[in-house]
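Here the structure is a predicted model, which is why all the values come from computation and not from measurement. Letters A, B, ... mirror the listed sequences (proteins, then strands); counts begin at 1.
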There are 2 protein chains.
Amino acid sequence: MGLRERKKLRTRRAIASAALRLFDERGFEETTISDIAAAADVSPRTFFSYFPSKDDVVFAEMDERLADIRARLAERPSGESPLATFRRVADALVEAISAEDEDGAIQVALIRDRPSLQAQALKRFADAEEGFVEVLRGIAPDLDEVTAATVMGVAFGGLRAAITYCRAQRYDADRTREATARALAIVEQVLESVPALTRPATDDAS
Amino acid sequence: MGLRERKKLRTRRAIASAALRLFDERGFEETTISDIAAAADVSPRTFFSYFPSKDDVVFAEMDERLADIRARLAERPSGESPLATFRRVADALVEAISAEDEDGAIQVALIRDRPSLQAQALKRFADAEEGFVEVLRGIAPDLDEVTAATVMGVAFGGLRAAITYCRAQRYDADRTREATARALAIVEQVLESVPALTRPATDDAS
DNA sequence: GGAAAAAGGTGCAACGGCTGCAACTTCGCA
DNA sequence: TGCGAAGTTGCAGCCGTTGCACCTTTTTCC
C-alpha cells in the first residue's frame, strides 16, 4: 500500500471522527460541512471526495464492516448449508453494529434519534439481505424465488427488529448480544422448517 | 367539512398529481419545486406548507392510506386473535401499495429506482410494524418484549421482502397479490407456532 | 534523477431544497 | 359587517451539493 493510499485512509478516518465528535458536541443539524472540514484540516470541497453526503459520514464505519461481511460471504466453505451460512452472517452483522468504542456509541445515538438516518440504516440492512438472497439463489437454485425472498425477509426482519428494540431500549453491547441471540433462536427455528435451507447445499459452481 | 378544508385538500391533491406527472415526464431530480408549484398554480413557498420535503410528495397517497390503516387498527373487534388482526392489517397493507391507477404506477417506479426513496419506504414499513407491536403489547402483555418485537419483525419482514421482490420484477397488481398471498401463507405458518398469537386475546382494556 | 502523467486537493460560482419572517388575502363566525 | 384565524406569498438567506478549472503531490517510466 503506497503513501497515497495510506494518506487517503488517514484523511478519511480524520474526517469521520471529527464529524462524529462535532455531531456529539453540538448536534447533527448544527454542524456544517465547513465545520467538519475545518476540524479535519481539509477544504470543504474535499469532504465530498471522501463521502458523497453529510449523512454518509455517520455510516462510514458501518459501511466498511458491511463491505467486509459481503466479501467474506463469497468465501463460503463448499457444502455448507444455507442455514449455517446465515448463522455466520448474522453473528457478523450483530458484531458489526455493536458499539464498543466511543464513536460507535455516538453513531448509534445519532441513528436512533433521527428518522432520516434510521431510514438509511434500514436500507443498508435491506441491501445486506438482498446480497444474501443472491447467494441463496446460487446455493439452492430449485427454491422458488418468492419463497427465497420471503424466507430471507423473515430471517433478516426478525434480526433487525431485535436490534432496533435493543437500540430503542439503550441496551449495551452485552445485553444486545443476549437479546439478539434469543431472536436468532426464534429465527433459526423458522428456517429449520424450510428443507431447502438445511440441506448441505447442491454446490453447483455457478 | 368547510370550504377551507375542501380547498386545502384539493390543493394538496393538485400539487401531488402535478408533481407525479412532472417526475414522470422529466425525471425526479430534473423537476424543481418551482416547476411543481407553477404546474399546481401555487407559489413555491406554499409547496412546503403542504409537504415537508420534495421526497414526501412521492409518498402523499401512501401516507394517507397508512394513516387509515393505523386508525382502523384501533377498532379491533374485542377478542380477535393477534393473528387475525395481523391478517387484516397485512391485506390492507398490500392493497395500500398495489398501484392500480396511473399515479400509483409512477410512484412505484420512482421508489423502485431511487435508493433514497427506497430507504424512506422501508422506514414507513418499519413504522407500521412498530404500530403493530404496540397493539400486540396491549393484547398480549404476558409476551416477552424481545420476542414480540422479533415475531413482528419476522412477519413484516417476510411481507416486505415479497413486496420488494414483486416490485423489482415489475409484477402487476394481480401477480403481486398472488405472490404476497404465498408469502403471507409462509409467514402465518410461522405465527401459528407462537401460542400467544393464536389465543383470542386477553383483552384487558388498556 | 527527472519529466510526463495520473491522482488528489482546493477555491469559486452556482443551483436548488428548505426555513423564518413579515406582509397580505381569504374565510369563518358572531 | 367586521374581527380574528388561517392560508398564501415574496424575500432573503443558510446550507448541502456539484461542475469546473487550476494547482500540488505522487507515481511511473525512461
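- Distance CD1 (B:I33) to C1' (D:dG16): 15 Å, rounded to an integer number of Å.
- Atom CZ in B:F47 sits roughly 19 Å away from atom C1' in D:dC11 (whole-Å rounding).
- Listed nucleotides D:dT25, C:dC18, C:dT10 differ in distance to A:V42; the shortest reach to its side chain belongs to C:dT10.
- For D:dC15, neither phosphate oxygen OP1 nor OP2 lies less than 4.0 angstrom from any side-chain nitrogen or oxygen of A:T32.
- Within 4.0 Å of A:T11, counting heavy atoms only, lies no atom of the nucleic acid at all.
- Between B:K7 atom NZ and D:dT8 atom C1' there is a gap of 10 Å when expressed in whole angstrom units.
- Remark: B:Q189 CD is loosely packed, at most 12 non-hydrogen atoms of other residues, nucleotides or ligands lying under 6.0 Å away.
- Note on A:P52: only backbone sugar-phosphate atoms sit closer than 4.0 angstrom, heavy atoms only; bases stay farther off.
- Side-chain proximity of B:K54 to the nucleotides C:dG17, D:dT18, D:dT9 is greatest for C:dG17.
- Between B:Y50 and D:dG7 there is no side-chain polar atom (N or O) within less than 4.0 angstrom of OP1 or OP2.
- Atom CD1 in A:I36 sits about 11 Å away from atom C1' in D:dG16, given to the nearest Å.
- Cation-pi geometry between A:K8 and A:Y50 is satisfied (NZ or CZ under 6.0 Å from the ring centre, within 45° of the ring normal).
- For D:dG7, the OP1/OP2 oxygens have no side-chain nitrogen or oxygen of B:S49 closer than 4.0 Å.
- Between A:F156 and A:F86, the distance from one ring center to the other falls under 6.0 angstrom.
- Counting only heavy atoms from C-beta on, A:R4 has its side chain closest to D:dT27 among D:dT27, C:dG17, D:dT17.
- The CZ atom of B:R10 sits 15 Å away from the P atom of D:dG7 (whole-angstrom rounding).
- Between the NZ atom of B:K8 and the P atom of D:dA5 there is a distance of 17 Å, given to the nearest Å.
- With D:dC20, D:dT25, D:dG16 as the candidates, the nucleotide lying closest to the side chain of A:R45 is D:dC20.
- Of the two residues near DNA chain C, B:E29 and B:E5, the one whose nearest nucleotide lies more 5' is B:E29.
- One interatomic measurement links the two molecules: CD of B:E30 to P of C:dC15, which rounds to 16 Å at whole-angstrom precision.
- Ion pairing of B:E95 with B:R65 is absent here, as no side-chain N (NZ or NE/NH1/NH2) approaches a carboxylate O to less than 4.0 Å.
- Residues B:L110 and B:Q107 form no side-chain contact, since every pair of their non-hydrogen atoms from C-beta on lies 4.5 Å or further apart.
- B:F48 places its CZ atom 17 Å from the C1' atom of D:dG7, with the value rounded to the nearest Å.
- Within the nucleic acid shown, B:S34 has no heavy atom closer than 4.0 Å to any nucleic acid atom.
- A salt bridge between B:D91 and B:R87 is absent, with no side-chain N of the basic residue lying under 4.0 Å from a carboxylate O of the acidic one.
- Between A:D41 and B:G2, the residue whose closest nucleotide on DNA chain C is further toward the 5' end is A:D41.
- In this model, the phosphate group of D:dT9 is approached by a side-chain N or O of B:S43 to a distance below 4.0 Å at OP1 or OP2.
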